[in-house]
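Numbers restart at 1 for each chain; the letters A, B, ... are given by sequence-line order, proteins then strands. No hydrogens, no waters, no symmetry mates; every other heavy atom, side chains included, goes into these values.
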Amino acid sequence: MTLRLTNTLTRRVEEFRPLEPGKVSIYCCGVTVYDLCHLGHARSYIAWDVLRRYLIWSGYAVTFVQNYTDIDDKILNRAAEEGSSMEAVSERNIDAFVADMARLNILPADRMPRATRSLDAIRALIGELEAKGAAYSADGDVYFAVMKHAGYGKLSGRDLEQQQDNAAGRVATEEEARKQHPFDFALWKGTKPGEPSFPSPWGAGRPGWHIECSAMVREELGNTIDIHLGGADLVFPHHENEIAQSEAATGQELARYWLHNGMVNVGGQKMSKSLGNFTTIRALLDSGVSPMTLRLFTLQAHYRKPLDFTAEALEAAATGWKGLNAALSLVASASATATATPPAQLSPELAATRARFAAAMDDDLNTSAALAVLFELAKPLRSLANRLERGDTAAAAEATSPALAAQGQLLLELAGVLGLQPETFDAAQASESGPNDAEIEAQIAARQAAKATRNFAEADAIRAALQAQGIELIDKPGGLTEWLRS
RNA sequence: GGCGGCAUGGCCAAGUGGUAAGGCAGAGGAUUGCAAAUCCUUUACCCCCAGUUCGAAUCUGGGUGCCGCCUCCA
């Protein structure tokens with residue numbers, strides 16, 4: 001089996017064949033750094049992280065480039081609001097982006113170009129387009145002429161004649177007057193008072209959004225790349241325009257495969273900054289939702305489908321992750337202490353399981369089916385982990401079984417392909433608020449004393465009080481009580 | 001108005017012709033002072049209508065509902 005991916009360009013599921021055997025070049029549209037990232041971004045970048053990890057696991061050498069759009073109206077507006085500068089807003093949000101992605105265990109891109117550092121490439125590209133007659137300047141702006149480019153609309157399947165001009169009602173009329181065609185878009189915007197600007201042959205100004213990506217793709221990866229990634233909301237106009245610009249300039253295909261992820265919805269509506277219905281990644285993680293829970297939550301659905309964000313679904317993912325994590329943690333700790341060495345070769349059963357995982361992933365990244373394989377592998381390990389905790393001697397013997405060790409190692413490996421890794425509770429972070437360990441232990445001792453005298457009312461009251469502070473008690477056989485912050 | 005997509009059990013969600021994965025919740029059981037946690041067992045004819053077929057959630061036609069995009073957007 002080979003990897004098959006849904007290509008927006010052809011609207012079909014196609015076998016993936018890289019330009020160069022064994023190598024994959026990927027460009028992923030990054031964020032405009034005017035604010036913190038929300039769950040929509042998390043979903044998108046988790047999906048692409050999984051694609052990347054799977055390609056690497058499959059043996060490809062992957063070059064992954066993701067940009068930052070660090071000059072844009074929204075960044076300037078934000079800077080004006082807070083009385084700072086474009087650079088300050090951008091830097092702060094780039095730092096936040098890096099931190100958020102790291103928490104979600106998303107591999108950093110190999111290179112992360114920024115629009116403001118790619119101006120030479122941008123100006124060069126605009127110059128080429130102008131020389132070829134694909135662009136024209138008007139009052140300090142430079143526009144791309146969509147009617148001059150045959151094939152405009154091929155990605156989004158649009159016929160310009162049938163589109164409602166300005167259907168969203170967001171176009172500034174003064175800009176409209178300078179365009180030859182309503183769908184022409186700015187490559188270069190003439191400077192405005194009080195805004196940062198950069199010199200160019202067309203006068204001082206700044207680049208348009210679409211040209212940034214075309215220029216950065218070419219500068220970082222060349223004229224034609226294997227895979228171009230982005231959210232479904234970027235298909236039109238952003239990616240359509242990117243294709244038009246790049247292909248008009250080079251005469252070569254920009255990207256062979258275009259992949260788009262579905263939106264995260266809230267109450268049936270797309271989560272977006274402009275609608276204000278968003279939850280930021282850090283707000284969610286800081287509220288106690290674990291990064292792996294969020295990963296599991298997004299990977300349970302297919303990447304192309306819309307994903308409805310609800311508290312209930314997230315809670316289900318959290319419980320699901322708890323079980324998977326129990327198995328993974330057991331394997332991780334067992335590997336650390338090396339109680340059993342897995343056989344060098346996989347058993348036929350495990351090899352088949354591994355093949356089913358790969359088949360699921362090959363099928364347009366069917367992570368939902370791949371997760372089912374993980375849960376299946378985890379089941380006996382979860383069971384073992386629990387029996388070990390209960391002091392089951394038979395379980396201790398089983399734990400040293402090479403066959404089980406092999407199963408554990410396979411689980412760890414496949415979970416890693418999905419970016420899922422064992423998660424341990426961060427006691428240091430949580431103890432910043434609430435009772436400290438000694439206080440908790442004292443309460444537990446008091447409860448033990450109450451139980452010893454069969455004063456269950458008192459014992460339950462202590463348990464409830466701790467529960468209210470987020471401390472969960474787990475009674476073990478033999479009168480032992482463990483606790484954890486939940 | 002145009003383009004694209006979706007509709008599977010209480011919730012989330014796989015499954016593209018051969019008799020419904022998985023997760024969560026629920027139910028029963030084990031365990032427990034009672035719980036929690038954990039373990040075991042268990043729960044669906046797939047939006048509607050018509051058609052193709054020996055056989056359809058899966059293909060065709062029609063209908064209904066919902067979502068995304070049509071120059072802010074992952």
Side-chain angles (χ1 to χ4, degrees), chain A residues 8 11 28-32 34 37-45 47-48 72-74 153 156-168 170-172 175-176 179 182-186 208-210 229-238 240-241 260-265 268-275 296-297 300-302 304-308 310 312-324 326 360 363 366-376 379 382-383 385-387 389-390 451 454 456-457 459-460 463-464 467 472-477 482 484 486:
Chain A
T8 307
R11 292 165 197 81
C28 177
C29 273
V31 285
T32 300
Y34 74 100
C37 286
H38 58 64
L39 300 180
H41 301 105
R43 197 268 172 104
S44 180
Y45 298 137
W48 306 141
D72 169 270
D73 285 343
K74 294 199 170 185
S156 56
R158 273 157 221 270
D159 178 348
L160 289 183
E161 303 303 317
Q162 289 176 332
Q163 297 300 302
Q164 273 182 12
D165 179 26
N166 192 21
R170 280 185 254 111
V171 174
E175 187 185 10
E176 211 55 2
K179 295 183 183 177
F183 285 89
D184 287 353
F185 53 91
W209 176 37
H210 314 298
L229 305 171
D233 51 352
L234 299 186
V235 173
F236 190 90
H238 186 55
E240 194 69 71
N241 290 350
H260 292 97
N261 65 274
M263 300 294 101
V264 171
N265 290 163
Q269 262 202 322
K270 176 179 153 183
M271 177 179 288
S272 73
K273 290 178 188 170
S274 47
L275 285 173
L296 183 66
F297 171 67
Q300 277 182 318
H302 187 88
R304 303 189 75 237
K305 284 196 174 183
L307 177 63
D308 216 35
T310 63
E312 197 184 3
L314 194 67
E315 205 171 307
T319 314
W321 168 244
K322 213 167 158 186
L324 214 45
D363 181 18
N366 187 343
T367 50
S368 185
L371 280 170
V373 175
L374 259 52
F375 276 105
E376 186 185 302
K379 201 170 185 183
R382 281 176 71 174
S383 167
N386 188 254
R387 284 188 293 138
E389 283 199 3
R390 289 167 182 243
K451 279 172 74 176
R454 303 192 66 78
F456 296 121
D460 290 352
R463 182 170 64 195
Q467 178 88 50
E472 187 182 355
L473 297 190
I474 302 165
D475 288 342
K476 299 282 176 178
E482 290 184 359
L484 54 86
S486 52

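When the C1' atom of B/A14 is taken as reference, atom CD of A/Gln300 falls 11 Å away, rounded to whole Å. Whole-Å rounding puts the A/Asp475 CG to B/A36 C1' distance at 8 Å.
Contact annotation for A/Phe236: backbone-only contact, meaning every heavy-atom pair under 4.0 Å involves sugar-phosphate atoms and none involves a base. Heavy atoms of A/Phe297 sit nowhere under 4.0 angstrom from any nucleic acid atom. Using a 4.0 Å heavy-atom cutoff across all strands shown, A/Val264 reaches at least one base atom of the nucleic acid. Using a 4.0 Å heavy-atom cutoff across all strands shown, A/Asp233 reaches at least one base atom of the nucleic acid. Residue A/Lys322 is out of contact with every strand shown, counting any heavy-atom pair closer than 4.0 Å. A/His302 comes within 4.0 angstrom of the backbone, heavy atoms only, and of no base. When heavy atoms are screened at a 4.0 angstrom cut-off, A/Gly40 is found touching base atoms of the nucleic acid. At the heavy-atom level, A/Ile474 lies under 4.0 Å from base atoms of the strands shown. Within 4.0 Å (heavy atoms only), A/Asp460 reaches at least one base atom of the nucleic acid. Residue A/Gly30 is classed as a sugar-phosphate contact, given heavy-atom separations below 4.0 Å to backbone atoms only. Note on A/Ala232: nothing from the nucleic acid sits closer than 4.0 angstrom, heavy atoms only. Among the protein residues, A/Asp184 comes within range of the nucleic acid bases, having at least one heavy atom under 4.0 Å from a base atom.
Nucleotide B/G61 has B/C49 as its partner under the Watson-Crick or G-U criteria, with both atom distances under 3.5 Å. In this entry B/A27 has B/U41 as its Watson-Crick or G-U wobble partner, both defining distances falling under 3.5 Å. Both distances falling under 3.5 Å, in either a Watson-Crick or a G-U wobble arrangement, occur for no nucleotide opposite B/U16. Nucleotide B/A21 forms no Watson-Crick or G-U wobble pair with any nucleotide shown, as no partner meets the under 3.5 Å limit on both distances. Base pairing of B/G68: its partner is B/C3, meeting the Watson-Crick or G-U wobble criterion (both donor-acceptor distances under 3.5 Å). With both pairing distances under 3.5 Å, B/A36 is matched to nothing as a Watson-Crick or G-U wobble pair.
The base of B/A74 is not paired with the side chain of A/Ser272 by any donor and acceptor separated by under 3.5 Å. Side-chain N/O atoms of A/Arg382 and base N/O atoms of B/C39 include no donor-acceptor pair closer than 3.5 Å. Between the side chain of A/Lys270 and the base of B/C73, a donor-acceptor pair under 3.5 Å is found.
Checking B/A74, B/G68, B/A25 against every side-chain atom of A/Gln269, the shortest atom distance belongs to B/G68. Counting only heavy atoms from C-beta on, A/Ser368 has its side chain closest to B/A14 among B/A14, B/A36, B/A74.
The backbone N or O of A/Gln300 lies less than 3.5 Å from a partner atom in the side chain of A/Ser368, making a donor-acceptor pair.
A/Lys451 and A/Phe456 get closest at one heavy-atom pair: O-CE2, 4.2 Å.
In this pair, A/His210 and A/His238 present their aromatic rings tilted. The plane angle is within the 30 to 60° band.
Taking the P atom of each, B/G55 and B/U64 are spaced 29 Å apart, rounded to whole Å.
Expressed to the nearest 0.5 Å, how far CH2 of A/Trp209 lies from SG of A/Cys29 amounts to 7.0 Å.
Between A/Arg463 and B/A36 there is no side-chain polar atom (N or O) within less than 4.0 angstrom of OP1 or OP2. Within the structure, every side-chain polar atom (N or O) of A/Asn265 is placed at least 4.0 Å from both OP1 and OP2 of B/G68.
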All N/O contacts under 3.5 Å from nucleotides 43-48 of chain B to the protein, with atom names and distances to one decimal?
none

> Quick one: what's the B/S/- string for nucleotides 4-10 of chain B, heavy-atom cutoff under 4.0 Å, read 5' to 3'?
Replying inline: --SS---
